Each structure stands twice: as structure tokens, then as C-alpha cells.
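Contents: one structure, followed by commentary.
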Protein chains: 2
Amino acid sequence: MAVTLKEISRELNLSVTTVTRALYGYDDVAEGTRQRVWSLAETLGYVPDTTAQRLRKGRTDTLGFVIPTFGPRFSDPFFSEFLAALGNEAARLGFDLLVSTRAPGAEEQAAYRRLVEGRRVDGLILVRTRRHDERVQYLIERDFPFVAFGRTDLEVDYSYVDSDGEAGFRQLVEYLVGLGHQRIACLSADPELTFVAHRLTGYRAALAAHGIRPDPNLLIQADLTQRGGYEAAGRLLDRAEPPTALVCLNDLMALGAMRAAQQRGLAVGHDISVTGFDDIPLAENAHPPLTTLEQPVYDIGKRLCAMLVRLIRGESLDDAHVLLAPNLIIRESTGPVPM
Amino acid sequence: MAVTLKEISRELNLSVTTVTRALYGYDDVAEGTRQRVWSLAETLGYVPDTTAQRLRKGRTDTLGFVIPTFGPRFSDPFFSEFLAALGNEAARLGFDLLVSTRAPGAEEQAAYRRLVEGRRVDGLILVRTRRHDERVQYLIERDFPFVAFGRTDLEVDYSYVDSDGEAGFRQLVEYLVGLGHQRIACLSADPELTFVAHRLTGYRAALAAHGIRPDPNLLIQADLTQRGGYEAAGRLLDRAEPPTALVCLNDLMALGAMRAAQQRGLAVGHDISVTGFDDIPLAENAHPPLTTLEQPVYDIGKRLCAMLVRLIRGESLDDAHVLLAPNLIIRESTGPVPM
DNA sequence: ATTGTAATCCAAAACGTTTTGGCTGTCAAG
DNA sequence: CTTGACAGCCAAAACGTTTTGGATTACAAT
């Protein structure tokens, strides 16, 4: 089918060895020979077979990324931005990107094993780490190169980049307290997710710092989706004594929460304050625009990718544990507590 | 490093041949031998080397998908849902998914060539086809298996699934006309994109059918993003005689357009009507919820994936050209023309 | 004793590449 | 005339797998 070295070598009465060496610019090939090889390769449209190169070189030049998807209608701007970062940076570094989509659980674990044990990729990027992350455990155990967006509670060392969600939430809640809010609800998610746990810590710390007794009724657990935020906010707002502020674990939830509030005739930013996390592009275009904590997802993805490649190449990392402070962006979805 | 057939065979005093055949259940292996092989493979944790299998079998069992990204902050729910569909379906069919991200243009074309000519994938999925799509032309020329979400104007035959944007927009605009709208603006995009051209055709047809003279000032070209919709809507609304309805090429633009309207004090759904296309999850949670045309992105992705695999396997396709009618979902962003 | 036939097993080739460790011939220096 | 150096080329091995086309043995049937 496709053109191989053998064909070129046969055509020119050369050995396969000489042909590769000519193509790769070794200095033990006569100038004339090199030119003949190049020109024939050109006209025949020779492109080396990637699979053969991989087998021979013992590496795939491929990075793996398993997206944790939730339900069929999976749609999260966070991931598309992150993916764009990985894709662009991987390409820049000469790596392919192999993507799987799997809901967390047994099938996800199997996907990781396929990638690692079948030697399909040279390294992996993890995202949405969990406090006791089996993926991290597994990869450490197998000594397989990986980097993660997020920390874990495991007593192991690995390379990560993470947002300081605790500091971010502390700052955010202090800002709300400063506006006079006391009944600040938190639309949380599965606290096994590390970033959820961190943000909750920050939430609690800020309340405690201001002598506000944490009300367990104001902490509610939901999905990290609009629907999750919509439903959870609905339940909170229908209480006898509803909260005056809704702190949501991410922007998607916040958008859902805003809708729930608006359906109940509340003016977001006046009657009730709502906040998110991520600063997805939609946050700015929400109505009203959403107060949120920005984390530079694209840069994080890019950085992780570069770190992983250095790991694969056996180079040393000077910045193996990066913690970035998120940036509080105040927009119109928050305001002083209503009289 | 990893366990190979050779090691297993050495350990058991068997040939490599017998070991593979034992593992794959050929009937010329003694039952006892088969068991010894299996149990040793198990304890050593043998997993075949994917690269070697690929080289030997002459196929990669990998599908390629190049996401057309626009700018670094790429974030489009349409693509994350489509990607989830591809990922899940590919996995189900035993295929890996190789993803690249590239802005349309020369680099994109180079990415396709790398994938095809380097024999990195067995087939490709195209999305956002263009009227004179160089990708389609190239792949047809090389006789490489591919499927596309979208049609082209090229005189070539290939397998696709597409939404009938023309019919959808016709229905949508007729609905708006029925509400009394006459000055219906269209926030369009690059008409070289086939789906843009189709939707525009539907828009014009509906206007013509009701004797409304198309006003070139009401047709404006923008990016398919919130920002694009926001800016274009802003320009339209600041005119002396602004439109009463904004028909947007997709939901993201519509969300941006809504914000532009709201910033000018207009109540969307009353003072002005806004529509989108796609029915991304955010459309439902917008404020007000967005009237839009739903297309089953997940199903389309799944279907395309299955079609591609059949193509790769040389099986025949009975449904090589699928046109799906989008579904008009009327929400609160549209209403009667204001008095 | 020969033939036939199962039942087991395996050597070698092949996929396409890269690298190792040469080999051959020419020419200048001794 | 020999030696050494150098330029230019290449055979073979290797990466790990699967498949082809036997080979070997045992045993039953002739």
C-alpha cells in the first residue's frame, strides 16, 4: 500500500540502511546519494510508518487523557478548554493525544489499565483527583509517568498543578460576609473530590473566622452541573428561612442556581447573591454576570502537558508541585445583603 | 521491561507460537499446555504490546478527530458533547480515539496529513464541514476512510450525518413571523461553513415566503461564540431602527446576544426575541430560557462513529447520507413583537 | 511393515523501522 | 610497497506480535 523504505532502496539499488541514514542526515552518506534518496522519497511521497517507528524506538510519543464524563449529555466548558490546552501543547511538543471518556468507576480504572499495560501511551494526565485516588495509587505503583490537575490525600509524591481552592473560597466568603451576609449556603459536591474538600475547608474557615456558626442545613451536596445547581438551589430557596447567598462549587452549578432563584422571582445580585468557580466564558455572559473565582485552566493544561513530557524524557522538574491562587472576579451576581 | 511472549515461552519451554496460540484459544494446543500458559501469563501480568500488534496486523484500531479550535479560550459545549459521544462509542467498538486540536487552516491540513500518511489512525471523523472542504477533497483523493458531520458543495460522495438546518431555520423564522416579527436579523457566521449556508438559505426562504424583503443590514457576520454574538447584537441594537428578533446561528451566539440586549435594558422575550441552534444544556438554564433548534449531537456522534467503523471494516452502509430534522424548542426568549 | 490420521508443537517469515558493527575501496603518508 | 585513515555503503539484529506451513509423535487401521 504505502511507500516503504524497502521500495525506495530497491528502486535505487541501495540498502534500506543507507536510505534511512540518507533521510535522517547521517554523515556517512555521499551527497549525491542523499539527494537521489530525498528526491525519490519526495516523488513517491514517503512518510515513515509511525507504528513501526514506535515499535522500534520503544515509545509511542503519545499522551493519554481520560475525561471523566457524567451522563451522556456531558457538556462542560471546563473540559473543552482544558482539552484544547492539552491538544495544542502536546502537538507543539511532538506528541499525540489519546483521549478516552469514561465515568469514574470500574470502567475508568480499566481504561487506565488498557492505556498503561498495553503500552499505548507514554504518560497520562489526570484531572479531578479524588482524596483517595485509585488512579494515582495505581500509577505510582507501576511507576508510570503522569501528572495531575489536583492533589490527593495519599501519602505519595507526584507532580501536580492545583488551584488553591481553600484560599479562594476563604477570600470569597469573607467578601460576602463583608457585604453583610450571614446565611451563606454552599452548593457542594461529592467531598471525595479533592477540590471540593479544599473549597469546603476554605468556606468553613471563613465562617469560623467571623464567628458564624456553620448551619448544616446550608451545606448541600449536588452534581457539578447546571441541573445539580438548579435543583439544590431550589431546595434551599424553598426553605422557611432561605440563605441570602449561594456559594457554588463551580460556575455551571451557579448558572443553574441563578435560574432557580430567578424562577422564584428573586433578582440575583440584589435579593440573593450567587457565586461560582472557574470563570468559564459563560460566566461573563450570564445574566447578571457571575461573580466567580478564576482559575487559568488553559495555562494549567499547558503547563501540565509540558511537565509530563519532561517526566517522560527523564528530565528533572523544578516545579513539581504548583499551587496557584485563584483570582476573585466580582461581577453583578453578588451584592449587599437585602434589608 | 514489560512481560513479552518470549519470556513466557522461555519459562515454559514452549515456542512463542504455541504461547500466542494458547492465549488466543486455537485448537491445536493441548489443554494442559493452555492452562499452564494462561496461569503464567496471569501471574506475570502479561498484556500484549499494542504497538507490535498494530504493526503486525496492519491496522491501528484508532479513530482520529481533529477539533477545530478557535483561539486559546476555546470552550464550546457542542464539542464536549460530541467528543463524549465519540469517546464512548469508539471504546464500545474497541477503538482508541486520537484527538488533535487545530484552528482551521494550513496547520489543520498538516495535522490531517500526519494522521493519514503516518498511518496513525484507520479513519477520521470530520466536523464543521466547509462548502469547499479541503479535508474532504484530500481524504477522497487518498481514498481514506472518513465520515463527516455535515455536507459540502463538492461533487463527491462520502458518508455523512447532518442536521437539516435549512428546514430548521425556515420553521423557526416562520414561527417568528407568526408572532408578528418583520425586522428579523440574522447573526450569521462565515458562510463558507456549510451549515451556515444552509441555515441562511432557510432564513431567506422563510422571509421570501412571507413577502418580507431581506434587508442586508439585518444580516451580520460574526464568530460562533458568545463574544461574537454579543458584539454583533450590540451593533444591530444600536441602529436607528433595530430589529425585533435576533436569529443566531448557534446557542453560544444567542447567549451573547441576550446579554447585549439586556445591557441595553431590553427584556428578552418581550422587547426583543432571541433564538439559537443546538440546544446546549445552557440554553435551558439561560435567563430567560432560550428558544432554539435542538439537534441530537450525542446521537449524531455515536452514529458517525459506528458508520466509520463499518467503513473501516469494509462493511456496507445502508444509511450513508443521513439528514435529520432539528426540533424547534420554544422557550421564553421569544415572544410577540412589541407594540 | 506401511499408511493414515489425529494431536501437538514449532521455525521462520512478516509487519517497517532504526541501530550496531562492520565491510570495501581509495588515496595519502610513510 | 605497506599502513592508516577515511568515505561510503550494507547485513543483520532488534522491537513484539501473528500467521503460514510444516514437523514430530503416537496410535490405529490396513
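Heavy atoms only: backbone and side chains are in, while hydrogens, waters and symmetry mates are out. Predicted model, so just to flag it, every value in this text is computed and none were measured.
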Looking at B:T51, I'd like to know whether one of its side-chain N or O atoms comes within less than 4.0 Å of OP1 or OP2 on D:dC15. no
5' to 3', nucleotides 16-25 of chain D under a 4.0 Å protein heavy-atom cut-off (B base, S sugar-phosphate only, - none) gives BBBBB-----
Please determine which of B:D157, B:D162, B:D133 meets the salt bridge (Lys or Arg N to Asp or Glu O under 4.0 Å) test together with B:R151. B:D162
Answer with yes or no after comparing the ring centroid distance for A:F82 and A:Y298 against a 6.0 Å cut-off, counting only values under it. no
Salt bridge A:R54-A:D61, side-chain N to carboxylate O under 4.0 Å: no
Please find out if less than 6.0 Å separates the ring center of B:F146 from that of B:Y158. yes
Separation of atom CG in B:N13 from atom C1' in C:dC10, rounded to whole Å: 13 Å
Check A:D319 with A:R303, please: is the shortest side-chain N to carboxylate O separation under 4.0 Å? yes
Nearest whole Å is fine: how far is C:dC9 P from B:D27 CG? 12 Å
Could you state the atom-to-atom distance from CD1 of A:I8 to P of D:dC9 in whole Å? 16 Å
Determine: side-chain N/O of B:T18 to OP1/OP2 of C:dC9, distance under 4.0 Å, yes or no. no
Nearest heavy-atom approach of B:T152 to B:T194 is CA-OG1, 4.0 Å
